[in-house]
Colleague: 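Pasting a structure here, questions to come.
This one's a predicted model, so the numbers in the text were calculated from it and none came from an experiment. Note that these values count all heavy atoms, side chains included, but never hydrogens, waters or copies made by symmetry. One-based numbering, in listed order, for ligands and for the atoms of each.
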Amino acid sequence: MNIDGKVIAVTGASSGIGEATAELLARHGAKLVLGARGGDRLDRVAARLSAAGHDVAHMPLDVRSRAEVQAFVDLAVERFDRLDVLVASAGIGPIAPLDSLTVDDWDDMIDVNLRGVLHGIAAALPVFGRQGTGHFVTVISTSGLQITPNQAIYAGTKNAVRTIMEGLRQESQGRFRVTGISPGFVRTNFTDSMHDPEIAAAIRQRMDEIAIPPDAVAASIAYAIGQPDTVDVGDIVVRPTAQD
Ligand SMILES: NC(=O)c1ccc[n+]([C@@H]2O[C@H](COP(=O)([O-])OP(=O)(O)OC[C@H]3O[C@@H](n4cnc5c(N)ncnc54)[C@H](OP(=O)(O)O)[C@@H]3O)[C@@H](O)[C@H]2O)c1
């Protein structure tokens with residue numbers, strides 16, 4: 001695994017896929033910078049990894065703020081002198097049918113899932129450009145691959161990210177690696193971001209039935225990062241075998 005000693009920043013690191021990814025990358029010797037909004041949960045993850053002897057910095061981070069994402073990337077460079085990988089896992093899914101007109105939730109999904117990723121690109125690109133190397137790993141979703149009712153805006157944000165990642169890869173002219181990870185049902189706290197109780201309960205039930213653990217997604221992220229620098233893993237879909 002080509003991970004030992006790499007400086008890796010993870011958004012959404014306080015829970016679910018981001019947390020599992022931070023733990024796995026730490027075990028492979030990465031130096032980590034962790035961010036999420038919820039200070040306490042993030043503190044606990046960082047404290048646990050630090051107590052286990054890993055090199056970890058962390059800060060409260062709302063990816064909706066360009067300035068905060070810039071400060072997050074700056075923290076990596078100040079603390080570790082470089083940034084090798086930006087893993088963008090922060091995301092929300094307050095899904096609902098379009099005619100329920102939950103327009104504030106549409107805005108939130110655009111701000112977190114799409115604009116938040118763009119803020120990461122804007123902050124990391126100059127660093128990667130100076131270094132001549134870097135790796136964007138972004139957590140997308142199978143929701144963008146198989147469009148289902150209630151998920152139009154969520155899937156739209158994810159597919160916008162998918163498109164932008166491919167553009168980024170083509171523009172990088174061989175300097176940066178770009179990886180999109182599309183998980184299916186994963187057992188995390190993701191339904192906490194859903195405001196419609198019936199939809200949240202239905203998703204939670206489906207998670208109980210078939211979801212894979214976040215470690216499975218973390219393993220796919222570690223696989224992509226761990227390849228030799230000349231190998232760019234473009235897209236990984238990782239979902240329950242039982243998922244439609
Ligand atoms: N679980 C699934 O079935 C599934 C399937 C496909 C794709 N995904 C994607 O996987 C990613 C991770 O989700 P998860 O399943 O691990 O859910 P999760 O357990 O709810 O974790 C989401 C993480 O994102 C953080 N976050 C949310 N809003 C944020 C913001 N504005 N700024 C910074 N951090 C923010 C959360 O922490 P705070 O709330 O403290 O900020 C938390 O650390 C998301 O992009 C999601 O779309 C999930």
Colleague: Would you say F190 ends up clustered with F185 if hydrophobic residues are merged whenever their side chains have heavy atoms under 4.5 Å apart, either directly or through other cluster members?
Modeller: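 They do share one cluster, since a chain of ILVMFWY contacts under 4.5 Å joins F185 to F190.
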
Colleague: Between V139, I140, V186, D192, which one has a non-hydrogen atom sitting closest to atom 7 (C) of ligand 1?
Modeller: I140

Colleague: By the salt bridge (Lys or Arg N to Asp or Glu O under 4.0 Å) test, which pairs, at least two apart or in different chains, include something from residues 139-166?
Modeller: E166-R169

Colleague: Do ligand 1 and V63 have nitrogen or oxygen atoms that lie under 3.5 Å from each other?
Modeller: yes

Colleague: Under 30°, 30 to 60°, or over 60°: which ring-plane class applies to F176 and F136, parallel, tilted or perpendicular?
Modeller: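 Rings of F176 and F136: perpendicular, as their planes differ by over 60°.
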
Colleague: Looking only at distances, please establish whether an N/O atom of ligand 1 is found under 3.5 Å from an N/O atom of F185.
Modeller: no

Colleague: Nearest protein heavy atom to atom 13 (O) of ligand 1, by residue and atom, and its distance?
Modeller: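 Protein heavy atom with the smallest distance to atom 13 (O) of ligand 1: F190 CD1, 3.8 Å.
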
Colleague: So, applying side-chain hydrogen bond (donor to acceptor under 3.5 Å, both in side chains) with H195, which one of D105, T102, D104 is it?
Modeller: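 Single pass found, and it is D105.
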
Colleague: Quick one: look up the protein heavy atom nearest atom 6 (C) of ligand 1 and list residue, atom name and how far away it is.
Modeller: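 Checking every protein heavy atom, the shortest distance to atom 6 (C) of ligand 1 gives P183 O, 3.2 Å.
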
Colleague: Where's the contact between I17 and ligand 1, heavy-atom distance under 4.0 Å: side chain, backbone, both or neither?
Modeller: both

Colleague: State yes or no: do F80 and F128 share one hydrophobic cluster built from I, L, V, M, F, W and Y residues joined by side-chain heavy-atom distances below 4.5 Å, directly or via other members?
Modeller: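 Yes, F80 and F128 fall within the same hydrophobic cluster.
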
Colleague: For ligand 1, is there an atom lying under 4.0 Å from some heavy atom of S89?
Modeller: yes

Colleague: As an exercise, identify every atom of ligand 1 less than 4.0 angstrom from a heavy atom of S15.
Modeller: 16 (O), 18 (P), 19 (O), 21 (O), 42 (C), 43 (O)

Colleague: What protein heavy atom is closest to atom 37 (O) of ligand 1, reported as residue, atom name and distance in Å?
Modeller: S14 OG, 3.1 Å

Colleague: Suppose the criterion is salt bridge (Lys or Arg N to Asp or Glu O under 4.0 Å): which pairs have a residue in residues 41-65, not counting sequence neighbours?
Modeller: E19-R48, E23-R48, D55-R79, D62-R64, R64-D108

Colleague: I'd like to check whether G12 has a polar contact with ligand 1, where a contact means an N/O of the residue lying under 3.5 Å from an N/O of the ligand.
Modeller: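 Between G12 and ligand 1 (N or O atoms, distance only) the closest approach is under 3.5 Å.
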
Colleague: In the protein, which heavy atom is nearest to atom 29 (C) of ligand 1, and how far is it?
Modeller: R37 NE, 3.4 Å

Colleague: Which residue from G16, S141, G91, P214 reaches closest to atom 22 (C) of ligand 1 through any of its heavy atoms?
Modeller: G91

Colleague: With heavy atoms of Y154 as the reference, note each atom of ligand 1 found under 4.0 Å away.
Modeller: 7 (C), 8 (N), 9 (C), 46 (C), 47 (O)

Colleague: Of the choices G39, A90, A211, G35, which has the non-hydrogen atom that lies closest to atom 26 (N) of ligand 1?
Modeller: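 Checking each option, the heavy atom nearest atom 26 (N) of ligand 1 is found in A90.
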
Colleague: Would you tell me which option among T188, L61, V45 has the nearest heavy-atom contact to atom 1 (N) of ligand 1?
Modeller: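 That would be T188.
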
Colleague: Just to check, does K158 reach to within less than 4.0 Å of ligand 1 when the distance is taken from its heavy atoms?
Modeller: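 Distance cut 4.0 Å: K158 passes for ligand 1.
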
Colleague: I'd like the name of whichever of G184, A88, A22 reaches closest to atom 4 (C) of ligand 1 through any heavy atom.
Modeller: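 It is G184 whose heavy atom sits nearest to atom 4 (C) of ligand 1.
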
Colleague: Which heavy-atom pair separates H58 from A46 by the least distance, and what is that distance?
Modeller: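 Heavy-atom minimum between the residues: ND1-CB, 3.4 Å.
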
Colleague: Looking only at heavy atoms, which two atoms of A124 and L83 are closest? And how far apart?
Modeller: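 Heavy atoms only, the tightest pair is CB-CD2, 4.2 Å.
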
Colleague: For R204 and T191, test the side chains for any donor-to-acceptor distance below 3.5 angstrom and give the result as yes or no.
Modeller: yes

